[in-house]
Asker: 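Below you will find the structure I want to go over with you.
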Amino acid sequence: MEGLVDNMEHILDVKGLTMDFGGLRAVDSVDLYVDKQEIVALIGPNGAGKTTFFNCITGIYNPSQGDIRALTHSGAVARLNGLKPNRVTERGLARTFQNIRLFPTMTVLENVMIGKHCRMKAKVLGALFRDKKTRAEELKAANESYDILEKIGLANVCDEQACNLPYGDQRKLEIARAMATEPSILLLDEPAAGMNPQETVELTDLIRQIRNEENISILLIEHDMKLVMNLSERIYVMDHGQKIAEGTPIEIRNNPEVIKAYLGEDMDA
Amino acid sequence: MDYMLKSLKVAIWFMFLTFPVVVIKVNTIENVVIWRWHNMFYMGISIFFVSMVWRYFLQRKEMSGKKEKTDEKTFTQSIMENPVMFKSVSGGILAVLCVLPFITDSYQINILTVALMYIVLGLGLNIVVGLAGLLDLGFVAFYAVGAYTYALLNHHFGLSFWIVLPIGGSLAAIFGILLGFPVLRLRGDYLAIVTLGFGEIIRLVLENWNDFSMGPSGIANIDRPTFFGMDLTLNQSTIYIYFLMILFTIFTIFFVNRLQNSRIGRAWLALREDETACQAMGVGKTRTKLMAFALGAAWAGLMGVVFAAKTTFINPASFTFLESAIILSVVVLGGMGSIPGVILGALIMILLPEYLRAFSEYRMLVFGGAMVVMMVFRPQGLVSNFRRKYSFHSADTDGRFGR
Amino acid sequence: MEYFLELFLGGLTRGSIYALIALGYTMVYGIIQLINFAHGEIYMIGAFTALIFASVLSILGWPALAIFVVATAAAVLYSSAYGYTIEKIAYTPLRNAPRLSPLISAIGMSLFLQNYVLLAQTSDFLPFPQLIPDFEFMEPISHIFSSAELAIVLTTVIVMLLLTYYIKFTNMGKAMRATAQDKTMALLIGINVDRVISVTFIIGSSLAALGGVLIANHIGQVNFYIGFIAGIKAFTAAVLGGIGSIPGAVLGALILGWTESFATGYISSDYEDVFAFGLLVLILIFRPAGLLGRSETKKV
C-alpha cells in the first residue's frame with residue numbers, strides 16, 4: 001500500500017481500529033485523524049483504551065482490525081499496521097510514555113541522541129575507523145540533540161544522568177528524545193501527569209511552541225482538562241474502547257454523552 | 001548488643017546449616033565416620049563476623065540509596081579523563097609489559113599471556129553482557145568454534161594460524177548469528193538458559209562426534225603461529241604469542257572504547273536499559289542485539305584460534321560451562337560495561353589464583369560468592385562505567401562539541 | 001514391545017524426578033520471576049545430606065527402613081533450610097534490582113554451593129546405599145521396572161496430589177497464587193509477601209530434596225556436580241510445560257523424560273543431553289510460553 005498517493009491531507013489517518021485481547025475488546029473500531037500542524041487530544045476515563053490505542057498506532061501492539069496510515073516526510077502515504085515500533089518511528093511517528101521510560105544511567109544528551117539513531121547510518125566499521133563521514137554524522141547528531149535540549153530548556157544539564165533529573169524535567173526529556181527522531185507527528189501519553197500547576201503551564205507553552213516552530217502535529221492523551229481545553233483544537237473522547245464524541249473543545253464541553261461518561265470525575269475548565 | 005545477638009543467631013543458624021556437609025565426612029570404603037567439629041567452630045566464628053559486616057554494609061547501602069547520588073569522580077575516571085595522565089599511565093604499563101619477557105622466564109610470560117587472553121575474552125563478553133545487557137552463558141561455545149576451526153583446518157589441510165584467524169572469527173560470528181536470530185527475541189532470563197544449553201550442545205557434540213572432532217581425546221600437534229614463515233623455538237614462540245596478545249589486547253580496548261561511544265554502542269546501552277522505549281525511539285531491536293551477539297562471538301572465536309595455537313592441543317574439556325562462568329565473573333566482578341573494570345577483573349581472576357597457590361583451590365568458591373556479594377552491594381562492579389561527557393560552548397551559537 | 005515398555009517406564013521415572021525438581025523452578029519463577037539457578041544445587045545438597053546421614057546411621061547399625069526415613073527427613077529439612085537461607089542472602093536484597101542482577105547472583109550462588117560441597121566433601125562419586133528394599137511383588141517385572149523406580153513414581157504422584165491440594169485449598173496456597181498474579185496488590189490486601197516467598201522456596205527445596213534422595217537411591221551414587229545437569233533439565237521441563245504453571249511442569253517433565261528415554265533407546269545414548277538441550281532450544285524458539293503457559297501481553 002505504501003506509496004499510494006491518494007490526496008491524503010491528514011498526517012495521520014486511523015480507520016476502524018480494533019484491538020482484542022482474548023475475549024476483551026479494548027479498542028472498538030475507532031476512527032481518528034490528525035491534520036498538519038494540529039493539536040488533537042484524546043480523552044476519556046481511566047481504562048477507556050486510550051493508551052492501547054496509542055500502542056496500536058506505534059507498533060507495540062498489532063491491531064486486530066483497522067487501517068493506520070501516515071503521511072511520511074517524503075509525502076508518501078505509509079500503512080503502519082503490523083510494523084515494528086522502530087519502523088513506525090522511522091516513518092515519522094514518535095511517542096512518549098505514560099510512566100516515564102528514559103534510559104536512566106545514560107546522560108541527558110545521550111538519551112536525546114538515541115532518538116537520532118534512526119536518522120543516522122554509521123555501522124560498526126564506521127565506529128572502528130571513525131572516518132570523516134562518521135565523525136561528521138556524530139557531530140551533527142550531537143549538535144542537533146543539543147539544540148533540542150536548548151529549546152526545551154535542559155541544555156544546562158546535558159551531562160547529568162537522566163535518573164538524576166527532577167520529575168518534571170524527566171517528562172520534558174522524554175519529549176526532547178521523541179523530537180530527536182524528527183517526527184511529523186508527536187504522540188504524548190499524559191505529558192502533564194504528576195506535574196504541578198506551574199510546570200503544566202510551562203508544558204502547555206512548550207507543546208504549542210513545538211507545534212508552531214517545528215511544524216509538528218500533536219496527538220495527546222491527557223487527564224488535565226484545563227490543559228486539554230486550553231491547548232487542543234479538536235478533541236476525541238473514548239469510553240469503554242469506543243469513540244463517543246469528537247469536536248472542538250466547546251462542543252465537547254457541552255456534549256451530554258461526554259458528561260455522562262465523566263460523571264463523577266471533575267471537569268473544571 | 002542487639003546487633004551482636006542477631007549475628008550470634010545467624011552464626012548458630014549457619015553452624016546448623018553447614019553441619020552435615022562440613023562436619024561429617026564418611027569414608028565409605030573403610031566405613032568410618034570422621035567428625036570434624038573444629039570446622040563447625042571456625043564456621044560459627046567466621047559467620048558471626050561476616051554477618052556483622054554484611055548487615056553493616058546492607059544498612060549503609062540503604063542509607064546511600066536515599067541520599068542524592070553524588071557525582072564524585074572515581075580514581076580511574078580521573079585518570080581516564082585526563083589525557084596526560086592517561087597517556088603516561090598506559091604508556092608506563094605498556095613499557096613494563098614489553099620489557100617483562102626479557103627479565104622473567106617463559107613460565108611467567110605464559111601466565112601473563114593467559115591473563116591477556118582473558119582480558120580480551122572478557123571485553124568480548126562485555127559487549128554482549130555489559131553493553132547490550134544480554135546474559136550469554138554459552139560464550140565458551142564460540143571460543144570452542146574458533147579453537148576447533150583452527151585445530152581441524154590445521155590438522156587436515158595444514159592451514160596456518162594467520163589464514164585461520166579471520167576464518168575462526170567469522171565462523172564464530174556466523175554461529176552467533178545463527179543462534180541469535182531465533183533466540184534474541186526471548187526475554188533476558190530465557191536467553192541465559194538457551195545460550196547455556198547451546199554451549200553444552202556444542203561441547204557434547206565435540207565430545208561424541210568422533211569422526212569430526214576426534215572426541216574426548218582431542219586434537220594434538222597443532223602448529224604454533226609462524227613469524228613471517230620462520231619456525232620459532234618453543235621459547236621464542238611463547239614470547240611471540242605474548243606480544244601478539246599485547247597487540248590484540250590494545251586493539252580490542254581501542255575498538256570496544258570506540259564502539260561504546262558510537263551510534264551502535266549507544267543503542268546497546270539504551271536497549272539494556274529499556275527495550276520498549278528504545279524500540280519506540282527507532283532502534284531496531286533484533287538487528288542491534290544480533291550485532292552485539294555476533295561481535296562478542298567473533299571475539300571469542302578469535303581467541304579460540306589463539307588458544308589452540310598457544311596450547312597446540314585442545315579437547316572438549318577446555319570448553320565447559322565453568323569456562324563461561326569464569327569469563328562471566330571477569331566481567332561481573334570488574335564492572336559490566338567498563339573497560340578498565342574488565343581488565344582488572346581478568347587480572348584478579350587469573351593472576352590471583354596463579355600467584356596465591358593456596359588460594360587456587362578456593363577459586364570458584366570465592367568467585368561464586370563474590371558474584372553474589374557484588375550483585376548485592378556493588379552491582380556496577382569494582383570499576384563502574386561512566387559515560388562520556390560532551391563539552392558544548394554555549395557562546396557559540398551553533399554549539400560545537402569537542403573531544 | 002517389552003523394550004518399548006522398558007523405555008516407557010524408564011521415561012516415566014526420569015520424568016517424575018524432573019517433575020519434582022521442575023516444580024521448584026516453576027513455583028519460584030511464578031512468584032518472583034527469577035530462574036533460581038541454585039535450585040539444582042539444592043537438589044544435590046539434598047542427595048548429599050541423605051547420603052551422609054544414611055552412611056553414618058548404617059555404620060551405627062540402624063535398620064534400613066529407619067535409615068531411609070531419617071535420611072529423607074534430614075535431606076528435606078536441610079534442603080529447605082538451604083533454600084530459605086539462599087533466598088534471604090542472594091535474592092531478597094535484589095528484589096527491586098534490574099532483572100540481570102538476581103540472575104547473576106543466582107549463578108554465583110550455584111557456583112558457590114558446588115564448590116562448597118566439593119571442598120568440604122570430595123570430588124569423587126560416592127556410593128549411595130540402597131535404602132529402599134526390593135519388594136517381592138515387583139519380582140516378575142523387576143528387570144524392566146525396579147522397586148526404586150516404583151518408589152520414585154509413587155512418591156511423585158503423592159507429592160503432586162498434596163501440592164495441588166495445598167495450593168488450591170489452604171490459605172497459604174491462596175496467598176501464593178495471589179502473589180504470583182500481582183505482588184503489589186497482594187501486599188496491599190495484607191498478604192505477607194516475604195513469608196509467601198520464603199514458603200515457596202522451602203516447598204520447592206523440599207521437593208528437590210525428595211528428588212535427590214530418590215534418584216541417588218536409584219542410581220546409587222552422588223557427586224557435587226549432579227545438580228548442574230539435573231537443574232538445567234528440570235528447568236527445560238518447566239519451560240516446556242509453561243513456566244509458572246504447576247501442571248505444566250509435570251507435563252513438561254514427563255515429555256522430557258520420555259523424549260530422553262526413547263531417543264537414547266532408539267537413536268543413540270551418546271547424545272542423551274543433546275536431546276534435552278535441543279528440545280529446550282526448540283521450545284523456546286517456537287513456543288516460548290510453553291505448552292500450558294499463557295503468553296503475556298507487554299504492558300507499556
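A, B, ... follow the sequence lines: proteins, then strands. Residue 1 opens every chain.
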Asker: Using non-hydrogen atoms only, which part of Lys116(A) is less than 4.5 Å away from chain B: side chain, backbone, both, or neither?
Answerer: neither
Asker: What residues of residues 286-297 of chain B make heavy-atom contacts with chain A at a cutoff under 4.5 angstrom?
Answerer: Arg287(B), Met291(B), Leu295(B)
Asker: Which heavy atom of Met106(A) sits nearest a heavy atom of Arg266(B), and at what distance?
Answerer: CE-O, 3.6 Å
Asker: With side chain to side chain contact (heavy atoms under 4.5 Å, CB included) as the criterion, how do Thr105(A) and Arg272(B) come out once you've worked through the C-alpha distance, each side chain's angles and the decisive distance to 0.1 Å?
Answerer: CA-CA 10 Å; Thr105(A) 71; Arg272(B) 180 185 75 182; 3.8 Å; yes
Asker: Taking side chain as everything from C-beta outward and backbone as N, CA, C, O, which of these in Thr58(A) sits under 4.5 Å from a heavy atom of chain B? Side chain, backbone, both or neither.
Answerer: neither
Asker: If you compare all heavy atoms of Arg177(A) against all heavy atoms of Ala277(B), which two are closest, and at what distance to 0.1 Å?
Answerer: NH2-CB, 3.9 Å
Asker: Below 4.5 Å, heavy atoms only, C-beta onward: do Arg130(A) and Arg258(B) meet side chain to side chain?
Answerer: yes
Asker: State, yes or no, whether a side-chain contact exists between Leu271(B) and Phe103(A) at a heavy-atom distance under 4.5 Å.
Answerer: no
Asker: Can you list the steps and then say if Arg101(A) with Thr276(B) is a side chain to side chain contact (heavy atoms under 4.5 Å, CB included)?
Answerer: CA-CA 8 Å; Arg101(A) 302 189 77 141; Thr276(B) 309; 3.7 Å; yes
Asker: Above 12 or not: heavy atoms from other molecules or residues under 6.0 Å from CZ of Phe255(B)?
Answerer: yes
Asker: Does the side chain of Glu138(A) pick up a donor-acceptor pair with the side chain of Ser262(B) at under 3.5 Å?
Answerer: no
Asker: Heavy-atom count check: over 12 atoms from other residues, nucleotides or ligands less than 6.0 Å from Arg87(A) CZ?
Answerer: no
Asker: Chain A: which of Gly284(B), Ala270(B), Ala267(B) shares the most heavy-atom pairs with it under 4.5 Å?
Answerer: Ala270(B)
Asker: Go through Thr181(A), Thr134(A), Leu128(A) and name the one with the most non-hydrogen pairs under 4.5 angstrom from chain B.
Answerer: Leu128(A)
Asker: Between the main-chain N or O of Lys123(A) and the side-chain N or O of Arg263(B), is there a donor-acceptor pair closer than 3.5 Å?
Answerer: no
Asker: Is there a donor-acceptor pair under 3.5 Å between the side chain of Thr89(A) and the backbone N or O of Ala280(B)?
Answerer: yes
Asker: Is any side-chain heavy atom of Leu102(A) closer than 4.5 Å to one of Asp274(B)?
Answerer: no
Asker: Please flag which part of Val124(A) lies under 4.5 Å from any non-hydrogen atom of chain B: side chain, backbone, both or neither.
Answerer: both
Asker: Can you tell which of Ala178(A), Gly59(A), Ala122(A), Gly126(A) has the highest number of heavy-atom pairs within less than 4.5 Å of chain B?
Answerer: Ala122(A)
